[in-house]
Amino acid sequence: MSGPTPYYITTPIYYVNDSPHIGHAYTTLACDVLARFMRLDGYDVRFLTGTDEHGQKVEKSARSAGMDPQAFTDKVSQNFRDLGQLMNFSNDDFIRTTEPRHIAACQGIWRKLQAAGDIYLGSYAGWYSVRDEAFYAESELVNGKAPTGADVEWVEESSYFFKLSAWQDRLLQFYEANPDFIAPKSRRNEVVSFVKGGLQDLSVSRTTFGWGVPVPGEPKHIMYVWLDALTNYITAVGYPDEANANFTKYWPADLHMVGKDILRFHAVYWPAFLMAAGVKPPKRVFAHGWWTNEGQKISKSLGNVIVPSELVARYGLDQLRYFLLREVPFGQDGDFSHAAMVRRMNTDLANDFGNLVQRVLTQVNRNCAATVPEHGEYTSADLAMLKRAHDLVEHLRRHLREQSFHLALDAIWEVVAMANRYVDAKAPWALRKTDPARMATVLYVLVEVIRHLGILAQPIVPASAARILDQLGLGPDERGFTKLGLAHALEAGRALPKPAPVFPRFAGDAEAAKG
Ligand code: ME8
């Protein structure tokens, strides 16, 4: 039985103690674009996001809100679902770590680790940062704080340990055998040298607070929140039932997308846990960069948190989606600036793409009786233009395989720029009187180019691309990547609706927009 190729992609599950901000929106957006692209390209996609609801940090936040942790997480988890609605995310599932399916998966993996002899009872004495939910060695502290700047506290308690130290060689072999497991390359090197430096056993249970998954048979202990959280990726495909159809189809995951802050958990602990439990590690972990706000770290205490809903209200959703993935090479850190947002919105979207669509479709509407024109013989310039549009999907596949969103967008906008130059050079409006047949051919080429651009822009700017495709009169089954290319070129005479602008310009000024 061979169906479509499965593609399983995940975001981190977000801590519910924070309100969703631009950083969370960014990670999930990147996954959404890939998920949409792969669906249009014929894959059987499973796209997972959700919330991380256990641990000391969440318990503390609940307490300071005067709420029971379950009631607290029920309330704040909804903020992340709302973010998904706002941003037009197409996730297939939303997991909460307080769900019974997840408790079962956590206890299932624990039993496997224990049966394999990778867990032992000891006692932990050391430093713990609640903000990072991470343990630190004395030697890692900087001026009495965690290397991340978070406060640490001394903890001494009975604890189960995972024998991470025994996994050093097997992890290094795994990285060696799977050179694409960690991306980008620079991050891979960091992880490899960290593991080469030697690994300490990891405390994987806590006894001094209660908000977590109980250790099987040891209810005084709750599981370490990272072992709990990472397990979400297999819970969502049916673990611990490894024989179920979703698990066999989607696991190992094709891609865990994370921020660079949590790469170590995903690239060191997670494959070690999985291998110890006899489960295959995921195929790839990509660690993207960090957003700052006009040069400053984004933080609640600085009061400069960028709220996605405000940006969407001011600039428009697709404008924000485009900006986030275009402005910064994916993998590098980026700085949010309103001036840059307005520049991208007005230049790339309104002037370049929007204007191309608008001027071509207006001419078709006026001069070709609002129908797809009939083309005559193609010149070499026409063929070169069409070829660029036909080749685009292959370039996008190549860039997105590497999660190079910025290069994928560059490639689309190169075709936009070429099409604008083609319009200027061929001046179809001037041909209307002198050579209407040639005008029809030029406009036909442009309509085909716009069809390709519209289909291929869907993952990035779904609503705007849909409006472009509506203006070409394309039905829902004419929008997938199988419809690209010459074989599916539009037939002459197809009636086209009246064109309307797709990408508005930003009317205010960027300085005032900072607000
Ligand atoms: O770490 N720039 O959750 P979290 C870019 N629950 N991305 C950012 C960002 C910024 N300024 N701020 C946050 C956790 N992010 C754990 C994960 S997974 C099994 C458990 C994004 O709520 C980025 O993806 O702190 C980062 O890795 C994630 O939010 C951290 O989310």
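In each ligand, atom 1 is the first atom listed, and ligand 1 is the first ligand listed.
The shortest separation from a heavy atom of Asp18 to ligand 1 is not under 4.0 Å, leaving the residue out of contact. At least one heavy atom of Tyr233 sits under 4.0 Å from some atom of ligand 1. Every heavy atom of Phe265 sits 4.0 Å or more from the atoms of ligand 1. Ligand 1 lies nowhere less than 4.0 angstrom from a heavy atom belonging to Met257. Residue His266 places a heavy atom under 4.0 Å from ligand 1.
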### Task
Starting from the C-alpha separation in whole Å, work towards a yes-or-no answer on side-chain hydrogen bond (donor to acceptor under 3.5 Å, both in side chains) for Asn79 and Ser19.
CA-CA 7 Å; Asn79 296 335; Ser19 312; 5.3 Å; no
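For Tyr120, the ring-ring contact (aromatic ring centres under 6.0 Å, His included) partners are Phe161, not counting sequence neighbours.
Ring to ring, Tyr26 and Phe330 are close: their centroids are under 6.0 angstrom apart.
Both the sub-6.0 Å distance and the 45° axial angle are satisfied by Arg264 relative to the ring of Phe194.
Counted by atom type alone, Trp127 and Glu138 present one or more donor-acceptor pairs between their side chains at under 3.5 Å. Glu53 and Thr51 share a donor-acceptor pair across their side chains, judged by distance under 3.5 Å alone.
Between Arg321 and Asp32, at least one side-chain nitrogen of the basic residue sits less than 4.0 Å from a carboxylate oxygen of the acidic one, meeting the salt-bridge criterion. Between Lys283 and Asp254 there is a salt bridge, since at least one side-chain N of the basic residue sits less than 4.0 Å from a carboxylate O of the acidic one.
For ligand 1, the atoms lying closer than 4.0 Å to a non-hydrogen atom of Ala229 are 19 (C). Which parts of ligand 1 touch Asp52 is read off a 4.0 Å heavy-atom cut-off, strictly below it: atoms 6 (N), 16 (C), 20 (C). Near His21, meaning under 4.0 Å from any of its heavy atoms, are these atoms of ligand 1: 9 (C), 12 (N), 13 (C). Within ligand 1, the atoms closer than 4.0 Å to a non-hydrogen atom of Pro12 are 18 (S), 24 (O), numbered from 1 in the order shown. For ligand 1 and His24, the ligand atoms under 4.0 Å from any heavy atom of the residue are 22 (O), 29 (O). Residue Gly289 has at least one heavy-atom neighbour below 4.0 Å for each of these atoms of ligand 1: 5 (C).
Closest heavy-atom approach to atom 24 (O) of ligand 1 among the candidates Asp228, Leu230, Thr27: Thr27. For atom 13 (C) of ligand 1, the choice among Trp290, Trp226, Tyr15, Phe336 with the nearest heavy atom turns out to be Trp290.
From Leu29, atom CG reaches atom CZ of Phe323 across 12.0 Å, with rounding to the nearest 0.5 Å.
Ligand 1 has a nitrogen or oxygen under 3.5 angstrom from a nitrogen or oxygen of Asp261.
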